[in-house]
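All remarks here apply to the structure that follows.
Numbers restart at 1 for each chain; the letters A, B, ... are given by sequence-line order, proteins then strands.
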2 protein chains.
Amino acid sequence: MPPSVAIRCFVTIETVTFADTASSRLELIGFRSTAPRRAVLNAIGNAPGPFTVEDLLSEVPGVGRATVFRTIKLLLELDMMCRVPLEDGTARYQVSEGDHHHHLVCRTCGSLTEFNDPEIDARIAEQARTRGFALQGHSLELYGLCQSCRRTA
Amino acid sequence: MPPSVAIRCFVTIETVTFADTASSRLELIGFRSTAPRRAVLNAIGNAPGPFTVEDLLSEVPGVGRATVFRTIKLLLELDMMCRVPLEDGTARYQVSEGDHHHHLVCRTCGSLTEFNDPEIDARIAEQARTRGFALQGHSLELYGLCQSCRRTA
DNA sequence: ATTTATGCAAAATCTTTGCATCAAC
DNA sequence: GTTGATGCAAAGATTTTGCATAAAT
């Protein structure tokens with residue numbers, strides 16, 4: 001009988017959170033990892049959906065307003081989060097799922113769905129080119145009723 | 001010699017101003033034509049380009065802030081003016097030239113150029129349809145440098 | 001006469017800033 | 001020990017509201 005060998009394999013499934021990723025990226029470019037900052041990043045990462053600044057403020061009771069505003073600004077500048085303008089002039093924030101994208105904004109429940117459309121992007125680039133406009137960015141939001149609100153209505 | 005007939009023809013070229021048009025439309029739906037309101041409509045009609053609420057306020061010194069805000073809101077609701085959201089969260093206002101349209105927003109000089117693209121609109125409708133989204137409106141802004149700012153830069 | 005619109009000033013929002021203190025590196 | 005980050009509260013900026021008065025129909 002040949003000798004047997006026991007092989008035990010540990011597989012750790014690590015969920016890399018938004019807070020972790022963001023924190024690392026911030027540290028890389030010289031920002032410090034502080035408790036208040038991490039708290040804000042966690043709150044953002046755990047948000048169940050699009051949120052307002054007010055929402056975020058109430059999720060991090062110990063943290064000062066200024067810090068929350070400063071953190072949001074930081075993440076926006078680094079494209080780690082996106083700001084979605086609503087029709088009433090207010091905005092919602094959300095962690096960007098992919099790269100560049102557009103949004104479907106539900107007027108009833110406020111849900112935000114990201115989507116991409118290379119054809120639209122191409123036409124946009126073309127329109128800019130035609131007009132001698134040096135395109136640097138764009139923003140596209142669709143407003144209406146999401147699938148479930150539509151059924152309810 | 002046959003009798004002659006003099007025919008004199010008066011042609012009046014009337015420039016119908018924005019203020020006139022808007023005022024009439026407002027009266028038609030039951031709003032009153034008041035001096036402050038007309039002043040605001042005139043200022044809007046005479047604006048050399050996109051303007052902020054602040055710009056408008058300073059153009060109608062005698063008129064109260066509330067009236068200016070209320071008039072803007074009214075015109076937006078009636079689609080007689082459009083609100084263009086900028087990247088910094090502020091907005092500019094402009095009399096809509098055509099029907100539905102999109103905007104090229106110059107990051108340097110702030111100029112706003114309207115454009116249309118049926119193909120983009122079609123793709124947008126298609127994207128909504130695919131997702132079971134009842135599309136009711138959309139907003140598309142392109143950010144970058146306009147032709148002249150681009151040359152200067 | 002009715003009823004809408006106005007102006008004012010206060011209130012309500014929303015965001016930024018100055019600065020002393022605290023914490024990270 | 002340096003330097004960046006924080007919290008607080010005050011200041012700014014922006015928009016809305018209540019209400020007595022004025023003006024339009």
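Comparing B:Glu27 and A:Val63, the nucleotide of DNA chain D nearest to each residue sits closer to the 5' end for A:Val63.
Between the C1' atom of D:dT25 and the CG atom of B:Leu28 lies a distance of 15 Å, rounded to the nearest Å. Straight-line distance from the CG atom of B:Leu56 to the P atom of D:dT14: 14 Å, rounded to whole Å. In this structure, B:Leu26 atom CG and D:dA24 atom C1' are separated by 14 Å, rounded to whole Å. In this structure, B:Tyr93 atom OH and D:dT14 atom C1' are separated by 10 Å, rounded to whole Å. The CG-P distance, from A:Leu74 to D:dA5, rounds to 8 Å in whole Å.
Phosphate contact (OP1/OP2 of D:dT15, side-chain N/O of B:Lys73, threshold under 4.0 Å): absent.
Residues forming a side-chain hydrogen bond (donor to acceptor under 3.5 Å, both in side chains) with B:Asp117 (at least two apart in sequence, or on another chain): A:Arg123, A:Gln127. A:Arg65 is linked by a side-chain hydrogen bond (donor to acceptor under 3.5 Å, both in side chains) to nothing, counting only residues two or more places apart in sequence or in another chain. Listed by chain and number, the residues in a salt bridge (charged side-chain N to carboxylate O under 4.0 Å, His left out) with B:Arg129 are B:Glu126 (sequence neighbours excluded).
The hydrophobic cluster around A:Ile124 extends to A:Leu104, A:Phe115, A:Ile120, A:Phe133, A:Leu135, A:Leu140, A:Leu142, B:Leu104, B:Phe115, B:Ile120, B:Ile124, B:Phe133, B:Leu135, B:Leu140, B:Leu142, counting ILVMFWY residues whose side-chain heavy atoms fall within less than 4.5 Å of a member.
A:Val53 and A:Leu86 are members of different hydrophobic clusters when ILVMFWY side chains are connected at heavy-atom separations under 4.5 Å. No path of Ile, Leu, Val, Met, Phe, Trp and Tyr side chains, each step under 4.5 Å between heavy atoms, connects B:Phe18 with B:Val84, placing them in separate hydrophobic clusters.
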Original post:
Which letters describe nucleotides 9-14 of chain C, given B = protein heavy atom under 4.0 Å from base, S = only from sugar-phosphate, - = neither?
Top reply: ------
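Listed by residue number, A:Arg32, A:Ser33 are the residues of residues 29-43 of chain A with a heavy-atom contact under 4.0 Å to DNA chain C.
The base of D:dG7 lies close enough to the side chain of A:Arg70 for a donor and an acceptor atom to sit less than 3.5 Å apart.
For the pairing with B:Met81, the side-chain contact (heavy atoms from CB on, under 4.5 Å) check across B:Leu41, B:Leu74, B:Thr71, B:Leu75 returns one residue only, B:Leu75.
Distance check, rounded to the nearest 0.5 Å: CG of B:Asp88 to CZ of A:Arg83 gives 8.0 Å. Annotation: the span from A:Thr17 atom OG1 to A:Ile44 atom CD1 amounts to 12.0 Å, rounded to 0.5 Å.
Closest to the B:Val53 side chain, of the nucleotides D:dT15, C:dT15, C:dG7, is D:dT15.
Residue A:Gly62 is in sugar-phosphate contact alone, with no base atom involved, counting any heavy-atom pair closer than 4.0 Å across all strands shown.
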